[in-house]
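Following: one structure in structure tokens, then a few remarks.
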2 protein chains.
Amino acid sequence: MSGTSHVKRRGRPPKQVDSYSDTKTALIRAGLVTMTEKGFSASGLDEILRSVGVPKGSFYHYFQSKEDFGSTLIETYGKAFSSNLDKYLLDESHLPLERFSYLIESFRKYMIEHDFQRGCLIGNLGQEMGALPSVFRQQLIDVFEEWQKKTSLCFKEAQQRGDISTNLDCAELARFFWVGWEGAILRAKLERNATALDNFTDHFLKFLNK
Amino acid sequence: MSGTSHVKRRGRPPKQVDSYSDTKTALIRAGLVTMTEKGFSASGLDEILRSVGVPKGSFYHYFQSKEDFGSTLIETYGKAFSSNLDKYLLDESHLPLERFSYLIESFRKYMIEHDFQRGCLIGNLGQEMGALPSVFRQQLIDVFEEWQKKTSLCFKEAQQRGDISTNLDCAELARFFWVGWEGAILRAKLERNATALDNFTDHFLKFLNK
DNA sequence: TCAATTTCTAGACCAGTTGTCTAGTAAAAG
DNA sequence: CTTTTACTAGACAACTGGTCTAGAAATTGA
């Protein structure tokens with residue numbers, strides 16, 4: 001059950017040359033897993049700590065509080081996801097809308113791979129916002145903003161090629177996509193199948209070449 | 001802060017002729033408010049009880065557990081919302097798509113009225129499902145199913161009048177709407193404004209008469 | 001080389017949570 | 001007017017959550 005087997009002794013441990021056993025990274029990794037599944041409020045520190053075999057004291061060495069930890073997770077997740085968007089949406093070896101389709105397909109695979117238990121951290125925390133530290137709000141908004149900007153650029157390219165109707169505003173379209181897609185993730189997690197993802201994708205793509 | 005002012009005395013209270021001061025109803029009402037804002041996990045019983053001035057003993061007289069309480073809330077919310085759908089979508093004094101637009105407008109008003117703090121109970125709990133009693137899952141799915149069915153019927157009427165393209169499947173369309181709409185609520189709560197609601201509405205309506 | 005410092009660990013600690021349980025009060029029933 | 005019913009009051013136990021202090025070993029630098 002417990003992740004990487006740490007055999008812990010008291011005191012400062014020998015300097016780790018191998019980077020993978022970095023405690024902080026392990027904590028972030030475990031936090032991402034737990035919180036993409038259960039959100040912020042329902043994720044207990046104990047549970048996360050147990051999963052990596054790290055005591056509370058270590059946690060509070062690396063993070064000031066659970067709130068600070070959450071902020072870091074948003075930051076980390078947002079950036080990782082952003083690179084992922086680049087990987088797909090800037091891939092010049094495919095047409096813009098093809099890149100977009102491949103991206104969606106990768107999301108779909110991700111959901112299936114994790115049995116529809118893990119969703120989107122940003123969506124989860126957004127939903128919970130009513131019970132969350134208020135500093136999260138702007139962070140979450142910013143992340144969405146960035147994802148949308150990247151998506152919008154891809155749409156713009158497609159539009160210039162004539163693959164998207166010119167009376168659609170690409171920025172608005174990207175927003176429409178991300179708003180709806182988060183809804184689709186929510187539903188897919190609830191129903192534990194890909195129906196909602198596919199339904200949304202179909203309709204959205206149909207809308208593009210309208 | 002505390003809701004309906006109950007001045008409680010010990011012992012069995014006089015039979016209430018006026019229904020509004022029913023303790024159970026008050027608990028449900030308060031539970032709905034709290035949980036549409038903060039979801040299930042982040043809502044403490046104590047907080048809910050304090051807000052209506054009811055002690056634990058009473059709560060556990062009416063409900064077996066927090067889980068049982070949650071089930072009741074889903075049930076209540078689902079039904080109330082369902083009647084609301086009927087109110088709008090079966091109103092023969094307007095054309096089908098007009099009814100639908102009025103419905104959306106009423107949602108929008110609701111969100112504004114509560115400063116974008118209250119969302120949809122079903123959406124909230126759906127998102128949290130990873131940390132919730134598993135009996136909730138089917139309940140939530142069923143509620144969505146019902147809402148979609150009612151919405152689908154309205155679309156069907158519109159389609160028969162020629163207001164919706166015949167190569168759209170109304171059931172799928174209703175699903176598309178509810179999936180996306182929940183996403184829009186999530187985002188509107190996060191951003192504390194109606195942009196996401198309006199963006200989604202615009203695109204969806206544009207999609208209909210495609 | 002050896003005290004001072006840094007870095008990290010161990011787990012005690014306290015507040016808050018859910019859910020139980022007993023005692024109590026008064027209306028209602030017979 | 002006694003018994004029963006329906007509900008309230010809130011203490012309490014078991015547990016979980018987040019925070020914090022003390023401690024131990026590696027590292028530093030005179």
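Naming convention: chains lettered A, B, ... in sequence-line order (proteins, then strands); numbering from 1 in each chain. Note: hydrogens, waters and symmetry copies are ignored here, and every other heavy atom, side chains too, is used.
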*Are the ring centres of B:F100 and B:Y88 closer than 6.0 Å?*
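When the ring centroids of B:F100 and B:Y88 are compared, they turn out to be at least 6.0 Å apart.
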_Aromatic centroids of B:W178 and B:F144 separated by under 6.0 Å_ =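 No, the ring centres sit 6.0 Å or more apart.
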Please report the distance, rounded to the nearest Å, between [atom1] in [X] and [atom2] in [N].
| X | N | atom1 | atom2 | answer |
| --- | --- | --- | --- | --- |
| A:F63 | C:dT7 | CZ | C1' | 15 Å |
| A:D22 | C:dT9 | CG | C1' | 15 Å |
| B:I48 | C:dG16 | CD1 | P | 18 Å |
| B:H61 | D:dC7 | NE2 | C1' | 5 Å |
| A:K24 | C:dT7 | NZ | P | 13 Å |

Residues forming a side chain to side chain contact (heavy atoms under 4.5 Å, CB included) with [X], sequence neighbours excluded:
| X | value |
| --- | --- |
| B:T195 | A:R175, B:E191, B:N193 |
| A:K66 | A:M35, A:F40, A:L45 |
| A:I112 | A:R108, A:F116 |

Set out, line by line, the N/O atom pairs under 3.5 Å between protein and nucleotides 15-18 of chain D.
unit_1: D:dG18; atom_1: OP1; unit_2: A:K66; atom_2: NZ; d: 2.9
unit_1: D:dG18; atom_1: OP2; unit_2: A:L45; atom_2: N; d: 3.0
unit_1: D:dG18; atom_1: N7; unit_2: A:K56; atom_2: NZ; d: 2.7
unit_1: D:dG18; atom_1: O6; unit_2: A:K56; atom_2: NZ; d: 2.9

*Kindly write out the residues that satisfy side chain to side chain donor-acceptor pair (under 3.5 Å) with A:S82, not counting sequence neighbours, or none if the list is empty.*
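By the side chain to side chain donor-acceptor pair (under 3.5 Å) rule, A:S82 matches A:E146.
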*Measure the angle between the two terminal helix axes of the helix from C:dT1-D:dA30 to C:dG30-D:dC1, five base pairs each, and quote it to 10°.*
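Its terminal axes enclose an angle near 10°.
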*Could you give me the CA-CA distance, side-chain angles and deciding distance for A:T201 and A:W181, then say whether side-chain contact (heavy atoms from CB on, under 4.5 Å) is met?*
CA-CA 8 Å; A:T201 304; A:W181 186 252; 3.5 Å; yes
*Reckon B:F59 touches a base, only the sugar-phosphate, or nothing at all at heavy-atom distances under 4.0 Å?*
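The answer is nothing, as B:F59 stays clear of every strand by at least 4.0 Å.
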*Is it the case that A:K24 places NZ or CZ above or below the six-membered ring of A:F63, under 6.0 angstrom from the centre and within 45 degrees of the axis?*
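Relative to the ring axis of A:F63, which defines the angle, A:K24 lies inside both limits.
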